[in-house]
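Each chain gets a letter, A, B and so on, in the order the sequences are listed, and its residues count up from 1. Computed from a predicted model, the values in this text were never measured in an experiment. Just so you know, these numbers use all the heavy atoms, side chains as well, and skip hydrogens, waters and symmetry mates.
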Amino acid sequence: MPQITLPDGSVKSFDAPVTAHAVAASIGTGLAKAAIGAKIDLNDGQGPQLRDLSTLIDRDASIAIITAPRANQAATPDALFLIRHSAAHVMAEAIQDVLGANEKGERVLLAYGPPTETGFFYDMYIPEGMKLSSDHFDAINARIAEIIKEDRPFTRYEQPASDALPRLKSEGNKYKVDNAERALGLPSSVYKGAKAAPPDATRAPGSPVLSFYATGQPGKNWEDLCRGPHVPSTSRIGAARVMSLASAYWHGDENSDRLIRVYGTAFPTQEQLDAYLVQLEEAKKRDHRTIGKALRLFHIDEDVGQGLILWTPKGSIIRKELQTFIAAELKKQGYTEVFTPHIGSLELYKTSGHFPYYKDSQFAPIVERNALDELCASGCSCAEMLNRVEGVSERLARGLNERARKQIIAKDRILPDDQLIEGFMLKPMNCPHHAKIFGSAPHSYRDMPVRLAEFGTVYRWEQSGELNGMTRVRGFTQDDAHLFCTEDQIPAEIQGCLSLVKTIFNVLGMKDYRVRVGLRDPDSNKYTGSAESWDKAEKSCIDAAASLGVSFSKEPGEAAFYGPKIDFVVKDVIGREWQLGTVQVDYQMGFRFDLSYIGPDNRPHRPVVIHRAPFGSMERFCGVLIEHFAGAFPTWLSPEQCRVLPISDKSNDYGHKVLAALTAAGVRASIDDANERVQAKIKVAADEKIPYLLIVGPRDAENNAVSVRARGVEKDLGAMPLDTFVSRIKAEIESKGIELGVRP
RNA sequence: GCCGCUGUAGCUCAGUGGUAGAGCGCACCCUUGGUAAGGGUGAGGUCGUGGGUUCAAAUCCCACUAGCGGCUCCA
């Protein structure tokens, strides 16, 4: 006799087990019609679970009916989950239909197809001799539309594992066998990867039965091993389409099979799908690569190299303004500025540990030509050469091992001095240089903390497929600083760093970011520093993050090996996340570089180092900023703050007078004295997103005035005295206002 | 690095084997105008690079290179 509790708290009693659909019908026929699934809490300790509408409820439960939204309603995440999970099946069926079989009779094998934030994907294995390309998209979309129109029911059936597993094995799809075994809590008989990230695609682990979903009738129509849940029938998907192709590894393991990942998306209605596609187009227009090219903010040149940003004059203004802004904030916080070169000796990075342990993400070492010539002449092999470049001298190894109190330099890395090849490296981080500056003078606890800041340019070898405009590059400038402090000073220094980040984000009006606190993985021993130190530092990070007043996530295992960290993550226009600012506590650098300060006890102590970069990198930050403002920067950041537009060349002389007044006041301004109508000049300036346009004609000249037009306002604002405009725009620039506030 | 797509004028793009195109931009001329493109003329291209097929290649094939979307990685 199930008692069903509804979301409003009311309770309905039933004489016999009921389906979720029947519960919906008992509330109202409209609801039953709109229902596509249910969130059911069977009071079994699992909490509310999203389930099929056909689920039979045989005991007391709480239930919420999930409905497909109407045309102009936003779909709930649960509704989208059901729709997209179901659409993944339909797309997979459509792809199998469209591609058919190869000469050997093999068909596309399905692996794993979950919903995602913006749609869904299905990983599949395409047999030899078959090819899936975007040329098939029209056919696939047409087939998807047909299947949706056919309105076939999603039919769930279960089979005991003892029947289902042999059946799956006989079907020859090892990916599904693997999924099934994982669902049953069995070790995989087919996947031999080192990494295990089980896609829980079927059922809760340990379940003795496997569930299948047929799109229609079992045995007659297409079906798939699947945990569910799904919408009742294909028409309830509304609208779905295939979006793009990518490659993905089975279980994300690059040593494993390479699969084709087909992305698609689905919405309750065609209108919402169309709106989403329009939104994607709009987002593309905000893309910093598009805007950066159109507004000439930066340039990437094939002849210079991948992932290397050339800052054009306009982009350089934005960067310089940001740097000036942050430098002033640093001064307030007691930082001192330093400059260091772009390269350092290999030995320096062997000391810091950057080389060779991170050599895959660094540019190759720079070795003296003479040394190379000699080695080549002596017939030295490449492998041997590499070995000698990466080797560590006995002296260095001894020092590091002693200070670390363990063997951190492996014995086979240690080479006699006459075998080592010396060289230099493009710096992958600024900290070794800064550590050397700290170490170059004695320090008392009274001087601590020592805060060394530098806009330091670093170079990293990023994989070519990962490069992206300004957001992922191979050479970038960090607004870097290293705070050498005592352990007691850590909390206050972290607070200081975060307040800096907050100041920056506030001034720029950036509210859409998340904060990630990276903590150590309790099960790993890869970390340096004592457990107590870690506990304290992690607490400092968590406390500081909490004091920010924004939500943050604690992420165990995300700490660096040398200490916990706080990262600021923002999304770009197409939803990809990028890490910007970071604050990291480091227990490693002190002993690696044998740094010390003299404490009140007149004995040397190791400083703790805090790495911090509130912007992260100037390149990435500016890229994100371009998208944030869609190229329409606040006046203080705009490369061109104001443009004078004379009505005709009869007013050019007065226009130049106005320009001179603006320039003298330090406003970045220009004049468009081209032989054009003012309408055309406005159009051009509007496209360039210039904050203020000053239209000047005979009327204005007579009154020593300017007619003002502000960006984003569809009409002129009227005339005002030139002097007044100059003083107001100056005030706006100095206040770093986000809005364009100068009005007559 | 891997999978798919793309590379034609400064920019955005059309061009499916037979004499390289458009719009914008640029230069010059006309126009002298009051708030999102006035009109005309002209310059500008080894069709990403290298090979191949063909009487003939921007177009078909192969390799490379760069960009885009993902995957993997990210001190």
Count the heavy atoms of every other residue, nucleotide or ligand shown that sit under 6.0 Å from CZ of Arg743(A), and state whether that count exceeds 12. yes
Using the C1' atom as the point on both nucleotides, what is the distance between U19(B) and G25(B), in whole Å? 27 Å
Could you state the CZ-C1' distance from Arg472(A) to G70(B), rounded to the nearest angstrom? 14 Å
Once you apply a heavy-atom cut-off of 4.0 Å, does Gln362(A) come out as touching a base, just sugar-phosphate, or nothing? base
According to the Watson-Crick and G-U wobble definitions, with both distances under 3.5 Å, which nucleotide is paired to C68(B)? G4(B)
Test ring pair (Phe, Tyr, Trp, His ring centres under 6.0 Å) applied to Tyr654(A) - qualifying residues, sequence neighbours left out: none
Between atom CG in Leu280(A) and atom C1' in C68(B), what is the gap in whole Å? 14 Å
Does the pair Glu555(A)/Arg514(A) count as a salt bridge with the N-to-O cut at 4.0 Å? yes
Hunt down the Watson-Crick or G-U wobble partner of A36(B), both distances under 3.5 Å, from any strand shown, or write none. none
Take atom C1' in C13(B) and the same atom in A58(B), then report the distance between them in whole Å. 14 Å
Rounding to the closest angstrom, what is the interatomic distance between A63(B) and U46(B) at atom P? 27 Å
Under a 3.5 Å cutoff, is there a donor and acceptor pairing between the side chains of Asp123(A) and Tyr175(A)? no
In whole angstroms, how far is the P atom of G67(B) from the CE atom of Met470(A)? 15 Å
CG of Leu99(A) to CD1 of Ile126(A), rounded to nearest 0.5 Å, is 5.5 Å
Rounded distance [0.5 Å steps], CZ in Arg472(A) versus CH2 in Trp578(A): 6.5 Å
Say you pick atom P in C24(B) and the same atom in A20(B); how far apart are they, in whole Å? 24 Å
Can a cation-pi geometry be assigned to Arg261(A) and Phe121(A), taking NZ or CZ under 6.0 Å from the six-membered ring centre and within 45° of the ring axis? yes
Identify the nucleotide, in any strand shown, that forms a Watson-Crick or G-U wobble pair with G44(B), with both distances under 3.5 Å; if there is none, say none. none
Figure out the OH/P separation between Tyr263(A) and G69(B), and round it to whole Å. 13 Å
May I ask you to verify if any side-chain N or O of Tyr358(A) is less than 4.0 angstrom from the OP1 or OP2 atom of C73(B)? no
For Gly469(A), report the nucleic acid contact type (base, sugar-phosphate, nothing); a contact means any heavy atom under 4.0 Å. sugar-phosphate
Using a 4.0 Å cut-off on protein heavy atoms (strictly under), produce a 5'-to-3' string for nucleotides 1-13 of chain B with B for base contact, S for backbone-only sugar-phosphate contact, and - for none. BBBSS----SSS-
Base paired to A63(B) (Watson-Crick or G-U; both N/O distances under 3.5 angstrom): U49(B)
Modelled atom types, side-chain donor and acceptor of Glu347(A) and Ser345(A), under 3.5 Å: no
Please work out if Phe121(A) contacts a base, only the sugar-phosphate, or nothing of the nucleic acid, heavy-atom cut-off 4.0 Å. nothing
How far, in whole Å, is A57(B) from G52(B) if one measures between their C1' atoms? 11 Å
Using Watson-Crick or G-U wobble geometry with both distances below 3.5 Å, tell me the partner of U19(B), or none. none
Atom pair distance, as rounded to whole Å: CD1 in Ile300(A) and C1' in C68(B): 12 Å
Tell me the interatomic distance from Lys681(A), atom NZ, to G38(B), atom P, rounded to whole angstroms. 11 Å
Please check if the number of heavy atoms outside Lys314(A) that lie under 6.0 Å from its NZ is greater than 12. yes
In Å, rounded to the nearest 0.5 Å, how long is the span from NE2 of His482(A) to CG of Asn430(A)? 6.5 Å
Identified pairing partner of C24(B), criterion: Watson-Crick or G-U wobble below 3.5 Å: G10(B)
Please measure how far the P atom in G45(B) lies from the corresponding atom in A9(B), and state the result in whole Å. 11 Å
Cut-off 3.5 Å, side chains only: do Thr340(A) and Glu454(A) have a donor facing an acceptor? yes
Protein-to-nucleotide contact annotation, 5' to 3' order, nucleotides 27-36 of chain B [B base; S sugar-phosphate only; - none; under 4.0 Å, heavy atom]: ---BBBBBBB
Whole Å only: how far is the CD atom of Glu281(A) from the P atom of C68(B)? 17 Å
Between the base of C68(B) and the side chain of Arg289(A), is there a donor and acceptor pair under 3.5 angstrom? no
Please report the distance separating the C1' of C61(B) from the corresponding atom of U53(B), rounded so that it comes out in whole Å. 7 Å
Distance between P atoms of C28(B) and C47(B) (Å, rounded): 30 Å
Quick one: Glu558(A) CD to C73(B) C1', roughly how many Å, whole number? 13 Å
